[in-house]
Amino acid sequence: KHRSSWELQYMVRLDADDSVLKYSYEPVAIDYLSNKRTGKIRKYLPDFIVEYVDGHKELVEVKPKRRLKNYKVKKKLEAAAIWCEENGMVLVIVTDEEFV
């Protein structure tokens, strides 16, 4: 299951990586503040959690580099970074440049 060709390419890469123990697609929903004025909270579904043989885990978002400056994307990634700190993970952003 995937929503983009880049996500599919990343899954193929994970499948071929011997250091990857397992991964899951859109495994968590992270709350983020969508609108400061109204206090609206929305859910953000990061693309992957990857667990490695050595025990460390990464929360991975696959995103076109041009979209990283988008205000909404920035808010989601800020919430993801906080979530990672609270859950002992590292946030990794994989951009389309890695698939060229």
Side-chain angles (χ1 to χ4, degrees):
K1 185 177 176 181
H2 58 279
R3 296 180 194 272
S4 75
S5 61
W6 293 323
E7 290 174 358
L8 177 60
Q9 288 180 55
Y10 188 69
M11 293 166 90
V12 169
R13 184 185 299 176
L14 291 173
D15 287 337
D17 187 339
D18 291 337
S19 69
V20 173
L21 180 63
K22 63 182 179 178
Y23 65 90
S24 50
Y25 182 70
E26 293 186 347
V28 296
I30 298 173
D31 291 338
Y32 73 98
L33 181 61
S34 172
N35 187 313
K36 286 181 185 176
R37 185 179 52 78
T38 64
K40 176 72 175 172
I41 302 292
R42 294 188 184 272
K43 301 277 185 198
Y44 158 55
L45 301 172
D47 295 321
F48 300 96
I49 288 181
V50 182
E51 187 174 337
Y52 290 87
V53 174
D54 67 7
H56 86 276
K57 295 180 182 180
E58 296 175 346
L59 184 74
V60 180
E61 179 64 29
V62 178
K63 187 73 63 194
K65 186 174 182 183
R66 64 181 164 71
R67 299 251 348 261
L68 296 179
K69 294 180 181 177
N70 177 284
Y71 183 67
K72 186 175 178 181
V73 171
K74 284 183 180 183
K75 288 195 284 187
K76 291 177 180 181
L77 294 177
E78 287 170 7
I82 293 167
W83 187 92
C84 284
E85 279 184 38
E86 294 171 349
N87 290 276
M89 291 189 203
V90 175
L91 176 61
V92 175
I93 300 165
V94 177
T95 68
D96 50 317
E97 290 182 346
E98 296 185 39
F99 300 111
V100 176

Worksheet item: Side chains of Val20 and Glu51: closer than 4.5 Å at any heavy-atom pair?
Response: no
Worksheet item: Are Val92 and Ile30 grouped together when hydrophobic residues (ILVMFWY) are joined by side-chain heavy atoms under 4.5 angstrom apart?
Response: no
Worksheet entry | Single-linkage hydrophobic cluster Leu77~Val94, side-chain heavy atoms < 4.5 angstrom | no
Discussion item. Among Arg37, Arg42, Lys36, exactly one meets side-chain contact (heavy atoms from CB on, under 4.5 Å) together with Lys40. Which residue is that?
Written reply: Arg42
Worksheet item: Is there a side-chain contact between Glu58 and Phe48 (heavy atoms, below 4.5 Å)?
Response: no
Practice prompt. Go through the steps to decide whether Val50 and Lys57 satisfy the test side chain to side chain contact (heavy atoms under 4.5 Å, CB included), and finish with yes or no.
Written response: CA-CA 6 Å; Val50 182; Lys57 295 180 182 180; over 6 Å; no
Fill in: Hydrophobic cluster identity match, Leu91 and Tyr44, side-chain contacts under 4.5 Å
yes
Worksheet item: Mind checking whether Ile49 and Val28 have side chains closer than 4.5 Å, heavy atoms only?
Response: yes
Discussion item. Counting C-beta onward and ignoring hydrogens, is there a side-chain heavy-atom pair between Tyr23 and Met11 closer than 4.5 Å?
Written reply: yes
Worksheet item: Does some side-chain heavy atom of Trp83 sit less than 4.5 Å from a side-chain heavy atom of Pro46?
Response: no
Discussion item. Counting C-beta onward and ignoring hydrogens, is there a side-chain heavy-atom pair between Asp47 and Val62 closer than 4.5 Å?
Written reply: yes
Worksheet item: Do Asp31 and Lys43 meet the salt-bridge criterion of a basic N to acidic O distance under 4.0 Å?
Response: yes
Worksheet, complete the sentence: Value for CG (Leu8) from CZ (Arg13), rounded to nearest 0.5 Å, stands at 12.0 Å
Response to the item:
In terms of heavy-atom contacts, Lys69 and Lys74 come closest through O-CE, 3.6 Å
Worksheet entry | Cationic N near anionic O, under 4.0 Å, Glu61 to Lys76 | no
Discussion item. Whether the side chain of Ser24 engages the backbone of Pro27 through a donor-acceptor N/O pair (distance < 3.5 Å, no angle test) should be reported.
Written reply: no
Item to complete: Assess whether side chain to side chain donor-acceptor pair (under 3.5 Å) is satisfied between Tyr52 and Asp17, documenting all intermediate values.
Response: CA-CA 10 Å; Tyr52 290 87; Asp17 187 339; 5.2 Å; no
Discussion item. Counting C-beta onward and ignoring hydrogens, is there a side-chain heavy-atom pair between Val90 and Leu59 closer than 4.5 Å?
Written reply: no
Fill in: Test item: side-chain donor near acceptor, Tyr10 and Glu98, under 3.5 Å
no
Worksheet item: Looking at CD1 of Ile93 and CZ of Arg67, how far apart are the two atoms once the value is rounded to the nearest 0.5 Å?
Response: 12.5 Å
Worksheet entry | Straight-line distance of Leu45 CG to Tyr25 OH, nearest 0.5 Å | 9.0 Å
Discussion item. Return the OG to CG distance between Ser19 and Asp54, rounded to the nearest 0.5 Å.
Written reply: 7.5 Å
Fill in: Lys75 NZ: over 12 foreign heavy atoms closer than 6.0 Å
yes
